[in-house]
Chemist: 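Sharing a structure, written as structure tokens. Questions coming.
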Amino acid sequence: MIIATYNVNGVNGRLPVLLRWLAERQPNIVCLQELKAPDEKFPIQAIEAAGYGAIWHGQKSWNGVAILAKGAQPIETRRGLPGDLDDSHSRYIEAAVNGVLVGGLYLPNGNPRPGPKFEYKLRWFARLTELMAELYATKAPVVIAGDYNVMPTERDVYKPERWRDDALFAPEVRAAFVGLLAQGWTDALRKLHPDETIYTFFDYFRNAYARNAGLRIDHFLLNKPATKRLLRAEVDLAVRGWEKTSDHCPVWVELKD
DNA sequence: ATGGCTAAACAATTTAGA
């Protein structure tokens with residue numbers, strides 16, 4: 001079973017790229033982020049025509065998350081991150097598909113730092129940490145995938161010194177990620193590629209993709225039952241070179257069926 | 001270091017991304 005995450009950066013603007021990638025990769029489950037569309041503008045007809053059932057939580061202009069399942073309807077288990085009724089951002093959705101619990105997240109960017117956006121990022125991360133402490137204990141496989149907007153270590157940044165004070169690499173944010181790992185979660189990409197340079201995002205600016213000036217910010221965290229089934233973890237780098245593509249690459253793991 | 005690119009909401013610029 002292939003489970004993927006893809007920050008599409010506009011699900012409607014990106015639809016041809018998304019459909020081509022779905023056809024080529026044939027993932028069983030897909031978490032999408034940055035739909036940038038309200039619920040009624042989600043392209044459900046095209047996604048169903050591609051063979052996928054879906055649930056989604058949209059928002060006008062920004063954010064927005066979805067979960068797709070090939071030949072199945074995801075069973076929604078949660079929509080929105082608990083812990084703050086005033087948080088109106090669409091950044092978390094969760095579903096059960098074929099015995100696996102999948103959470104798809106779009107963690108706040110947090111720039112500029114310092115400032116209210118950075119404070120929001122830290123609060124959101126703290127709420128996620130609470131939720132994931134509960135989810136970790138689930139007996140079934142749990143996969144929390146998405147755009148975490150954090151480079152966990154220096155090797156996950158093309159030029160660490162330039163990002164030192166950025167909200168994606170700040171000590172508080174990296175510490176929060178370490179806090180998740182301390183709960184027991186496995187960073188799937190890093191576990192299977194301990195010594196490789198892995199990037200999942202390349203800025204549209206400055207020809208970043210061609211220069212391999214990337215960041216690793218899209219992650220898969222697996223609980224123990226999921227980790228036992230982990231076979232592969234890869235980045236579909238070539239998609240970043242397609243026409244009208246997202247600034248993020250699709251990322252995926254394969255779990256033993 | 002800086003400025004550069006892209007999408008969406010709008011209907012020419014602004015906001016946000018990372």
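These numbers come from a predicted model, not from an experiment. Naming: A, B, ... by sequence-line order, numbering from 1 per chain.
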Chemist: Nearest nucleotide by nearest heavy atom, which residue falls closer to the 5' end of DNA chain B, Lys244(A) or Pro108(A)?
Modeler: Lys244(A)
Chemist: Have a look at Lys121(A) and say if it touches a base, only the backbone sugar-phosphate, or nothing, with a 4.0 Å heavy-atom cut-off.
Modeler: nothing
Chemist: So, under a plain 3.5 Å distance rule, would you say the side chain of Asp166(A) forms a donor-acceptor pair with the base of dA18(B)?
Modeler: no
Chemist: Taking CD from Glu161(A) and P from dA1(B), how many angstroms apart are they, rounded to a whole number?
Modeler: 9 Å
Chemist: Which part of the nucleic acid does Asn149(A) contact within heavy-atom distance under 4.0 Å: base, sugar-phosphate only, or nothing?
Modeler: sugar-phosphate
Chemist: Are OP1 or OP2 of dT6(B) and a side-chain N or O of Asn9(A) less than 4.0 angstrom apart?
Modeler: no
Chemist: At under 4.0 Å between heavy atoms, what does Tyr209(A) touch on the DNA or RNA strands: base, sugar-phosphate, or nothing?
Modeler: nothing
Chemist: Starting at CD of Gln59(A) and ending at P of dA16(B), how long is that distance when rounded to a whole Å?
Modeler: 12 Å
Chemist: For dG17(B) and His248(A) - does any side-chain N or O of the residue sit under 4.0 Å from the phosphate oxygens OP1/OP2?
Modeler: no
Chemist: Would you please indicate if the ring centroids of His57(A) and Tyr92(A) are separated by under 6.0 Å?
Modeler: no
Chemist: Taking atom C1' in both dA11(B) and dT15(B), compute the distance separating them and give it to the nearest angstrom.
Modeler: 16 Å
Chemist: Using atom C1' of each nucleotide, how far apart are dA7(B) and dA18(B) to the nearest Å?
Modeler: 14 Å
Chemist: Closest to the Ser61(A) side chain: dA18(B), dA1(B), dA8(B)?
Modeler: dA8(B)
Chemist: Quick check on DNA chain B: between Leu215(A) and Gly10(A), whose nearest nucleotide comes earlier from the 5' end?
Modeler: Gly10(A)
Chemist: Looking only at atom types and distance, does a side-chain atom of Thr227(A) sit under 3.5 Å from a main-chain N or O of Thr186(A), one as donor and one as acceptor?
Modeler: no
Chemist: What are the residues of residues 33-47 of chain A, sorted by number, that bring a heavy atom to within less than 4.0 Å of DNA chain B?
Modeler: Glu34(A), Lys36(A)
Chemist: So with a 6.0 Å cut-off around CD of Glu130(A), is the heavy-atom count from everything else above 12?
Modeler: no
Chemist: For the pair made of CH2 in Trp62(A) and C1' in dA7(B), what is the distance, rounded to whole Å?
Modeler: 11 Å
Chemist: For a side chain to side chain donor-acceptor pair (under 3.5 Å) with Gln33(A), tell me which candidate from Thr5(A), Asn7(A), Asn63(A) qualifies.
Modeler: Thr5(A)
Chemist: Over all strands shown, is Asn63(A) touching base, sugar-phosphate only, or nothing at heavy-atom distances under 4.0 angstrom?
Modeler: nothing
Chemist: So, is Tyr120(A) near the phosphate of dA16(B), with a side-chain N or O under 4.0 Å from OP1 or OP2?
Modeler: no
Chemist: Charged N to carboxylate O under 4.0 angstrom, Lys121(A) versus Glu172(A)?
Modeler: no
Chemist: Take atom CG of Asp203(A) and atom C1' of dA16(B), then tell me their distance rounded to the nearest Å.
Modeler: 13 Å
Chemist: What residues join Leu35(A) in its hydrophobic cluster, counting side-chain heavy atom gaps under 4.5 Å, either direct or through other members?
Modeler: Tyr6(A), Val8(A), Val11(A), Leu15(A), Val17(A), Leu18(A), Leu19(A), Trp21(A), Leu22(A), Val30(A), Leu32(A), Phe42(A), Ile44(A), Ile47(A), Tyr52(A), Trp56(A), Leu68(A), Val239(A), Trp242(A)
Chemist: Run the salt-bridge test on Arg216(A) and Asp187(A) with the 4.0 Å N-O cut-off and return the result as yes or no.
Modeler: yes
Chemist: Could you state the atom-to-atom distance from CZ of Arg14(A) to P of dA7(B) in whole Å?
Modeler: 5 Å
Chemist: Please give, in whole Å, the distance from dA1(B) P to Phe205(A) CZ?
Modeler: 18 Å
Chemist: Nearest whole angstrom, please: distance from the C1' of dC5(B) to the CG of Asn207(A).
Modeler: 11 Å
Chemist: With a 4.5 Å heavy-atom cut-off, do Leu105(A) and Leu128(A) have their side chains touching?
Modeler: yes
Chemist: Starting at atom CG of Asn7(A), determine the distance to atom P of dA8(B), rounded to an integer number of angstrom.
Modeler: 12 Å
